[in-house]
Amino acid sequence: MSTPDQQRGEERHSRSNKVKARNVVCRKGHSHLNIIPNISTRSDNSRSENNRNGSISNEKKAARRATQHDVSRSDMAVLHAAGRRSMRKSRRKGKSRRTAKGARLYKQGYTRGYNEGVRQGQSSFGLVFEGVSIIIPTYNQREYVLKCVSSIEKHTPAPFEIIVVDNASKDGTAEAMLRKGGMVRVAALDKNRGFAGGVNHGLMMARGRHIIVLNNDTLVTPGWLDNMMTCLASDPKIGVVGPVTNYIGGDQQIQVPYREVEEMWSFAATHNRPDADKHRITDRLVGFCWLFSRELLERVGYLDEGYAVGNFEDDDWIIRVKLAGYQLAVAGDAFIHHFGSVSMKALGEQDFAVVNKDNEQFYSQKWGDPHALVAETSRLARQKTSGTPSGQQEDGDTNPMDPRQRISTQGSQDPALQFRHSYDFYPEGSFLSDAKGDVYTLTGGRRRKLNIPVPRGISPVQVAKPDLLAIPAGEALISAGDVQGWPRESQQVHTTAVHGSHNGWAEGSIVAAVDAPEIRYQISGDKRRRFVSVYAAERWGVHSGHIVSVSADQLDSMEEGWPIIAPPQLLNPDL
């Protein structure tokens, strides 16, 4: 039989085992109490000590357990809050590191992509694709140009590209074209540069082997391009081809049976059946639709931007095409619908009349009598051709070359196809510059760059970069002593006589007959070259102080050379 002290010890031992068992159960059950096991242990020890002394009642023990339970919850809340703050800081630090790393990777990738794009752009610059670039200048005619582009996409076989040049429209044309995407490239100009300026910007962007200039108020039809291309390829002398239409001036207009556009499509499908018998040579092509090769563009150059808004700039360009030796043709089996001068009509009747009159006056001042000029140039070309040794002509006749083969060699071996360049009609000794300010002198059919400051008194005439690059390059000028001013003052023209010249006039001197002072000539290679107009002479810097008066007999005694024309005005600094 145990003593009272032994009984109290056994009770304490039993209670201690029960508490340990509870703690084990709590830990196995993942209770929050297992986070602070020491607190529970101290509490049990304290209760055991109080029961042994008998100094704490059951109510006080319950109150203490509640207080201890609240304390444990508070401690756990503090621990959880501290853990969350620590985790947030860790996440922020990790996110910051990831963001910085992502920014570095993006910058590296962007730099690599940009450099690769520049490299590819440089390697592909100047390359063309075997397709057609279709250039559409437009101003505030969004709905018309959308319909035009849609008709091209539907009725034109690939490969082609569409270049829409928007002349600072206010009706959302550029935005609508950018949304269209696909084969459409868009140039949104900062101001209205007119028809000529818009076309020139598109020509600068064009990458196709062939080029089409197309009005925005047109609808192309099935077979239109194939039939025009067939016409262009039918004869190497043909430089530009135009279609027939319902609304235009000249012999390109035909009678049509329809009144509504919906009725036009069935008519066009029947009319556009390929028929070479409908191809014909013409003297004039209106600029609402032209097809020509890149080779022709390189010879003739850009349109003249001296014509405001529109009208007569197409006639101007066609004259230069004919001076270069090309013929014009109408593809009668290629019909397109033309709504008709939509942009010009938008000016209003009064403003249209003013623009048209000013452009006509400029055209007359520039060309004088263009038809007589073309006829005279053709006569000179025939004389040069007839000067070819007869043996060479006979060889050519014994083995005639297929026209399609001749076009592939650009006519370089055919004496009848010696097409001219624009620089053939520029004065000898003149100074040329591009938009960047590089200056060249034209000497003996070659361009010689001035690698020295431009001497005082020389005023270069700006021409397009393609015109300059087309001129064969000569040696650069590195000494001011090698640069002779042009045009020379009249009192200087006898100081250096042309070798072999029976007149004793200096190379490059400007002369005029006493009885016709407005008709001016340049002496070049012992030939007289006529400025086609006073405007042309003034564009090259010639004024009355440069002109030497001579007799008409003296002029007539000299052989005639190529005429001198005015270079086109270029208002776009990018050309």
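The first residue of the sequence shown is numbered 1, and numbering continues consecutively from there. Values reported hereafter were calculated over all heavy atoms of this structure, with side chains retained and with hydrogens, waters and symmetry mates removed.
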Flag the pair Val240 / Tyr326 as yes when at least one side-chain heavy-atom distance between them is below 4.5 Å, and no otherwise.
no
Looking only at the aromatic ring of each residue, does the gap between the centers of Tyr144 and Phe339 stay below 6.0 angstrom?
yes
Side-chain contact, heavy-atom cut-off 4.5 Å: His210 with Leu291?
yes
Strictly below 4.0 Å, N to O, side chains only: are Glu295 and Arg299 in salt-bridge contact?
yes
Sequence neighbours excluded, the answer for salt bridge (charged side-chain N to carboxylate O under 4.0 Å, His left out) partners of Asp515 is none
Does the side-chain contact (heavy atoms from CB on, under 4.5 Å) test come out yes or no for Thr377 and Trp562, once each step is laid out?
CA-CA 7 Å; Thr377 305; Trp562 295 123; 3.8 Å; yes
Passes side-chain contact (heavy atoms from CB on, under 4.5 Å), Val165 versus Ile136? Steps please.
CA-CA 6 Å; Val165 183; Ile136 308 174; over 6 Å; no
Audit row: Tyr302, Leu203, side-chain contact (heavy atoms from CB on, under 4.5 Å) steps and yes/no
CA-CA 8 Å; Tyr302 291 129; Leu203 292 174; 3.7 Å; yes
Testing the basics here: between Leu323 and Trp367, what is the closest heavy-atom pair and its distance to 0.1 Å?
CD1-CZ3, 3.9 Å
May I ask you to check whether Tyr535 and Phe362 place their ring centres under 6.0 Å from each other?
yes
Considering all heavy atoms, the nearest Trp486-Glu428 contact:
NE1-O, 3.5 Å
Audit row: Ser551, Asp553, side chain to side chain donor-acceptor pair (under 3.5 Å) steps and yes/no
CA-CA 5 Å; Ser551 68; Asp553 291 339; 5.3 Å; no
Any chance you could lay out the ring-ring contact (aromatic ring centres under 6.0 Å, His included) test for Phe267 and Phe335, step after step, and finish with the verdict?
CA-CA 9 Å; Phe267 163 76; Phe335 174 87; 5.1 Å; yes
Heavy-atom distance under 4.5 Å between the side chains of His279 and Thr230, does that happen here?
yes
Check: Arg530 and Leu373 side chains under 4.5 Å, non-hydrogen atoms
yes
Distance-only polar pair, side chains of His201 and Asn572, donor-acceptor under 3.5 Å
yes
What residues form a side-chain hydrogen bond (donor to acceptor under 3.5 Å, both in side chains) with Asn200, not counting sequence neighbours?
Glu305
Start with the C-alpha gap between Lys366 and Asp304, add the side-chain angles, then the distance that decides, and say whether salt bridge (Lys or Arg N to Asp or Glu O under 4.0 Å) holds.
CA-CA 11 Å; Lys366 179 178 178 180; Asp304 194 326; 2.6 Å; yes
According to ring-ring contact (aromatic ring centres under 6.0 Å, His included), who are the partners of His543, at least two apart in sequence or on a separate chain?
His546
Do any pairs count as a side-chain hydrogen bond (donor to acceptor under 3.5 Å, both in side chains) and have a residue in residues 434-445, sequence neighbours left out, and if so which ones?
Asp434-Lys465
Quick one, Asp251 with Thr282, criterion side chain to side chain donor-acceptor pair (under 3.5 Å). Give me CA distance, side-chain angles, the key distance, then yes/no.
CA-CA 8 Å; Asp251 65 348; Thr282 187; 3.2 Å; yes
Can you check whether Phe531 reaches Ile510 side chain to side chain, under 4.5 Å on heavy atoms?
yes
Is it true that Trp317 and Trp290 have ring centroids separated by less than 6.0 Å?
yes
Indicate yes or no: at least one non-hydrogen side-chain atom of Ser293 is less than 4.5 angstrom from one of Ile211.
no
Taking the six-membered ring for Trp, are Tyr247 and Phe288 ring centroids under 6.0 Å apart?
no
Could you check if a side-chain atom of Val330 sits within less than 4.5 angstrom of a side-chain atom of Val241, using non-hydrogen atoms only?
no
Taking the side chain as every heavy atom from C-beta outward, state whether Val164 and Val149 have any atom pair closer than 4.5 Å.
yes
Report the C-alpha separation of Arg448 and Leu442 in whole Å, then their side-chain angles, then the decisive distance to 0.1 Å, and conclude whether the side-chain contact (heavy atoms from CB on, under 4.5 Å) test is met.
CA-CA 7 Å; Arg448 303 183 65 185; Leu442 183 60; over 6 Å; no
Applying side-chain hydrogen bond (donor to acceptor under 3.5 Å, both in side chains) between Trp224 and each of Thr218, Asp333, Thr156, Asn272, report the one that passes.
Thr156
Residue pairs involving residues 173-186 (criterion salt bridge (Lys or Arg N to Asp or Glu O under 4.0 Å); sequence neighbours excluded)
Glu153-Lys180, Glu161-Arg185
Between Asp315 and Tyr363, is a side chain to side chain donor-acceptor pair (under 3.5 Å) present by the stated rule, with each step listed?
CA-CA 9 Å; Asp315 292 307; Tyr363 176 81; 5.5 Å; no
Relative to the ring of His337, is the ring of Tyr258 parallel (under 30°), tilted (30 to 60°) or perpendicular (over 60°)?
tilted
Closest heavy-atom pair and its distance - Ala308, Val355:
O-CG1, 3.5 Å
Contacts of type salt bridge (charged side-chain N to carboxylate O under 4.0 Å, His left out), residue Glu376, not counting sequence neighbours:
Arg379
